[in-house]
Amino acid sequence: QVQLVESGGGLVQPGDSLRLSCVASGLALSQYTVGWFRQAPGKDREFVGVVRKSGGNTYYYADSVKGRFTISRDDAKDTVWLHMNRLNPEDTALYYCAAGRPILSAIRDDTVYRYRGQGIQVTVSS
């Protein structure tokens, strides 16, 4: 059974940093494109960033997080991280990772990913 499990969320203050982890079991995550998405209460799901597996690794980010968030992966550990810096209240959301093999034009659409974690809450508040 394939599982993606996120961890590392929590309550932080504006300006703080967090690192979310996405760990896979039953799946060689190293072979997949892994995206991060978030959903705030009352809002649509939002693309955050993705590491696309196509030969090497290529990274794409939403404009709202570019320069603050980065994704990294350790293929030997089947783990992908979302490093979040300079967090602000607008970053408050349920964050989840998803794995799949979407075509480039679809990487921002979480519905095309085959596997998805349950999500982890990130709350940014003073």
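Fair warning: this is a prediction, and the values are worked out from it, not measured in the lab.
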**Message:** Using a 6.0 Å cut-off, check whether atom CD of Q121 has over 12 heavy atoms from anything other than its own residue.
**Reply:** yes
**Message:** Does the plane of the ring in Y59 sit parallel, tilted or perpendicular to the ring in Y61? Use 30° and 60° as the thresholds.
**Reply:** parallel
**In one Ile/Leu/Val/Met/Phe/Trp/Tyr side-chain cluster, 4.5 Å: V23, L27** = no
**Prompt:** Is the shortest heavy-atom distance from the side chain of L18 to the side chain of V122 under 4.5 Å?
**Reply:** yes
**Message:** With rounding to the nearest 0.5 angstrom, report the CG to OG distance, L87 to S125.
**Reply:** 12.0 Å
**Request:** Would you check if L20 and E6 make a side-chain contact, meaning some heavy-atom pair closer than 4.5 Å?
**Result:** no
**Prompt:** Roughly how far, to the nearest 0.5 Å, is CG of D109 from CD1 of I107?
**Reply:** 11.0 Å
**Request:** May I ask you to say whether D75 pairs ionically with R73, meaning some side-chain N is under 4.0 Å from a carboxylate O?
**Result:** yes
**Message:** Would you say that V80 contacts I71 through its side chain, given a criterion of any heavy-atom pair below 4.5 Å between the two side chains?
**Reply:** yes
**Item:** From CA spacing to verdict: side chain to side chain contact (heavy atoms under 4.5 Å, CB included), R101, Q31
**Value:** CA-CA 9 Å; R101 295 191 171 110; Q31 303 301 312; 3.8 Å; yes
**Prompt:** Taking all non-hydrogen atoms of both residues, which atom of V48 and which atom of Y95 are closest, and how far apart?
**Reply:** CG2-CE2, 4.2 Å
**Prompt:** Can you list the steps and then say if S72 with H83 is a side chain to side chain donor-acceptor pair (under 3.5 Å)?
**Reply:** CA-CA 8 Å; S72 63; H83 307 264; 2.7 Å; yes
**Item:** Over all atoms of both residues, closest heavy-atom pair of N85 and S17
**Value:** OD1-OG, 2.9 Å
**Asked** Given the rule that I, L, V, M, F, W and Y join up when any side-chain heavy atoms are under 4.5 Å apart, are V50 and L104 in one cluster?
**Response** yes
**Request:** Looking only at non-hydrogen atoms, find the nearest pair between L4 and A24 and report the distance.
**Result:** CD2-CB, 3.6 Å
**Request:** List the steps and the verdict of salt bridge (charged side-chain N to carboxylate O under 4.0 Å, His left out) for D91 and R38.
**Result:** CA-CA 9 Å; D91 296 316; R38 66 187 182 184; 2.9 Å; yes
**Request:** Hey, could you give me the CZ/CE distance between R68 and M84, rounded to the nearest 0.5 Å?
**Result:** 9.5 Å
**Asked** Looking at side-chain heavy atoms only, is the closest gap between C22 and W36 below 4.5 Å?
**Response** yes
**Prompt:** What residues form a side chain to side chain contact (heavy atoms under 4.5 Å, CB included) with Q39, not counting sequence neighbours?
**Reply:** R45
**Asked** Just by distance, do the side chain of D78 and the backbone of L29 share a donor-acceptor pair under 3.5 Å?
**Response** yes
**Asked** Closest heavy-atom contact between V34 and C97?
**Response** CG1-CB, 4.4 Å
**T33 versus P102, closest heavy-atom pair with distance** = CB-CD, 3.9 Å
**Prompt:** Parallel, tilted or perpendicular: which fits the ring planes of F37 and Y96, with parallel below 30° and perpendicular above 60°?
**Reply:** parallel
**Prompt:** What's the verdict on side chain to side chain donor-acceptor pair (under 3.5 Å) for T79 and D74, showing C-alpha distance, side-chain angles and the deciding distance?
**Reply:** CA-CA 5 Å; T79 302; D74 185 331; over 6 Å; no
**Message:** For the NZ atom of K43 and the CG atom of L94, what is their distance to the nearest 0.5 Å?
**Reply:** 14.0 Å
**Fill in**
Correct closest heavy-atom pair for S64 and E46 would be OG-OE2, 3.3 Å
**Request:** Determine, for Y60 and R52, whether the Lys NZ or Arg CZ falls below 6.0 Å from the six-membered ring centre while staying within 45 degrees of the axis.
**Result:** no
**Prompt:** How far does CH2 of W81 sit from OG1 of T70, to the nearest 0.5 angstrom?
**Reply:** 11.5 Å
